[in-house]
Each structure stands twice: as C-alpha cells, then as structure tokens.
Amino acid sequence: MPTASPLLRPYRDGALVLPNRVAMAPMTRGRADDTTGVPHPLTSLYYAQRASAGLIVTEGIWPVRVGKSGPGIPGLATAEQVEGWRAVATAVHAAGGRVFAQLWHAGRVSHPSVVGEPTVAASAVRARGRIYIEGGWAETTTPRELTTEELPRLAEDYATAARNAIEAGFDGVEIHGANGYLLHGFLADNTNLRTDRYADRIRFPLEVTEAVVAAVGADRVGYRISPGNPENDLVEANWPVVYRDLLHEFTRLGLAYVHLVATEDRVFPELRPHWPGPLIGNVHQGPPSSQAAGERLLEDGLVDVVAFGRLFIGNPDLPSRFATGAPLVHVSEKHHYGSALEGYVDFPAVTTTRSPSPVPA
Ligand SMILES: Cc1cc2nc3c(=O)[nH]c(=O)nc-3n(C[C@H](O)[C@H](O)[C@H](O)COP(=O)(O)O)c2cc1C
C-alpha cells in the first residue's frame, strides 16, 4: 500500500484554494488555429481531462500578435479568441478544476514570418540558435528595440489580455517571465543594454505586473520566473540579487503566487526566503520532473505546490496516479507540439478502460 504523498495534501492560502499540490505546468502544444489564434475545439477536452490537477496553468497565450512565438500558438486579444477560451474555462470548471491563463510574449524568440513584422525585445540583440516556423527551422533575426514610449502601452496590452482572460472565465492569469522570452530579457545581463529608465532590470516586468494587478486584482495574478536559466541564450550572472528585488516587489503587490522554475537546485533555498506567499515550484533539469523530487521539495518546506509538465501530457489523472502508484505513461517528444491530434486528447485516465490506447512513447 503506497504511503500518503504530501503532493496530495490540500493547499489553502488567500485566494488559492487547491485540493492537492500537483499543478499542471504551462505547456505550449501548438494546436490552435494559426490564422485566428483561436484554441482548437478539442482544447476544452484536453484541459478538462486534466482538471484533477490542483491548479492548471494553460499553455502560453500571446497578449499581442507580435508576441506570438510560433505556429499554432493561441492569443487572448480578439473577441473570437475570448470565446474560444470561454469554452475551455467552462469545461475545466464543469470538471471541478481551477485554471489560470498564461500570458506569454515571446519577444525575440520568434520570427518575422510568424508575426508579420520584426520581432521586438528589450534591446536589439539577436538570440543564438534557430526558431521553429511553419514548415521547419529558421535562423533567428535581430529584434527591434522597444522604445521608451511604447513600453507603457505594451504593459496595458498585458492588462487588456488579463481582463479578457477573466471575461473568458479563467480564475486568473500567470505572467510568463521565464525561459528567455520578452520579460526575462529585461532582467538578463546580455539582453538589456538599455540606457533609459528601463535599464533598471526589474522595471518593465514590474510595470507589466502592476498594470495586470490594476486590471484584475492581485489575487488573480501569478508570475513565473526561471532565475539563471540560460534557455534562449540569456546570461544572468547576478540572479540572486535581481530576483530578490523582484520578489520583494511582488510581496508588496501581494500576488496570488510565484511560480519558480529551477534549472539548478540552489534556486529554491536561495529565493524561498524572499517570497512569503504561495510558491509553486517546477524542476526543469532535463528529464521530466518526478514525484519523488516533488515530494522532497514539499517535505523540505521549499515550495508549497509542485508543477509537473510532461508527465501531465500522457497522464491526465496524474494526482490519482501519484496516489495509487499506477504506472506512468511517457510520451514521445514528437507529440509535444504540432497540429496533429494524435497525442493530444487520446491518453486515457487509468479508470477509463474503454478509451483508445495511449500513443506509444
Ligand atoms: C511541450 C512543452 C511546452 C512548454 N511550453 C511552455 C509554455 O508555454 N510556458 C512555459 O512557461 N513553460 C513551458 N514549458 C516548460 C514547462 O512548463 C516545464 O517548466 C518543463 O517542461 C519542466 O517540467 P517537467 O520536467 O515537469 O516537464 C514547456 C515544456 C514542454 C515540454
């Protein structure tokens, strides 16, 4: 008989009331209509199947089209997109779940062929690497530096997307400030070369957060960070100091939660003391993060809730599998992204014996 896992204990702090501590991490799946940015009709089912998560954070969703990272990524800017997401939020709630929409501006980690204009970023610094576009991979391009005047307007675009999310029925929004995209680029050493007031690394991420908080209320706003993560060609030598300052501001604002992605173990002990509110932790260190690693983080008091990404793709009923020790399905990377429906809603819960067989890894 497996012992009770700390991941299955309820969590309650402020507005965050969760039946367990197993969150679904945000995962882009690339299945939205590429022209309209409306989520796929099966996206409601995909998330409803995973509604037993303590909290679902959706895939990244662009607040403005220039923030779209690649093919099939949905938006939250048009009335049609809001309607598409309303179906998703309604389906998750009907299945008993809670769901925050992740607001994601990719910044320079996109391509003019995706957004129809030059990409934009804190500074005109090109990312090393390649970008996935329709039909294959392309060389990155040098982004246009956002002007001092347009940044407050962009913060308002985030606020509008957040209002749209609440209008669609989401429980809140998570601002994507991690993994080398636009907001992360303002924090990093090699991508913020500005000389105006936004040379202050935390200023723009903070202005976005303040605008979103003013629009929908702090108890409906989470923020995702990945300190020191070099993904998408970022350098952050001084991350303990930069993120300490950011977390102190988030404490002042009273955000619903901080979502901390750790690409190295010391991130949790280093930053936990600087954020007294709900902390969701996600281990992002190569292989899919494991139940045992999540349990250790809870037992050590380093986080309050643990987010799992890839395990949720093949195991829609992940909390119950953690509870019972049922075998876990590992999904091939070829099913992560793309317009194919195979590998999207065809992974059954353990109890649903008559669903189609899972796609083999
Ligand atoms: C297919 C895929 C898509 C992802 N998309 C996003 C995303 O849209 N936003 C985000 O913040 N992180 C994204 N991530 C990162 C995950 O949220 C998570 O940090 C990472 O997968 C590590 O957790 P895991 O080991 O439990 O999968 C993505 C990861 C994968 C595998």
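Remember, it's 1-based here, ligands and their atoms both numbered in the order they're listed.
Listed by chain and number, the residues in a ring-ring contact (aromatic ring centres under 6.0 Å, His included) with Tyr158 amount to none (sequence neighbours excluded).
Taking 4.0 Å as the cut-off between side-chain N and carboxylate O, Glu156 and Arg153 do not count as a salt-bridged pair. The pair Glu167-Arg86 meets the salt-bridge criterion, since a charged nitrogen lies less than 4.0 angstrom from a carboxylate oxygen. One finds no salt bridge joining Asp171 and Arg98 here, because no Lys/Arg side-chain nitrogen approaches an Asp/Glu carboxylate oxygen to under 4.0 Å.
Listed by first and then second residue, the side chain to side chain donor-acceptor pair (under 3.5 Å) pairs involving residues 129-139 amount to none (not counting sequence neighbours).
For ligand 1, the 4.0 Å heavy-atom shell takes in Ala25, Pro26, Met27, Thr28, Gly60, Gln102, His176, Asn179, Arg224, Asn282, Val283, His284, Pro287, Pro288, Ser289, Phe308, Gly309, Arg310, His336, Tyr337, ordered by chain and residue number.
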When the side chains of residues 205-228 are checked against the rest of the protein, which donor-acceptor pairs come out under 3.5 Å, sequence neighbours left out?
unit_1	atom_1	unit_2	atom_2	d
Glu207	OE1	Tyr198	OH	2.7
Thr209	OG1	Pro205	O	2.7
Glu210	OE2	Arg252	NH2	2.9
Arg220	NE	Val216	O	3.0
Arg220	NH2	Val216	O	3.4
Arg224	NE	His259	ND1	3.3
Arg224	NE	His259	NE2	3.4
Arg224	NH2	His259	NE2	3.3
Arg224	NH2	Asn282	OD1	3.3
Ser226	OG	Asn179	N	2.8
Ser226	OG	Asn179	OD1	3.3

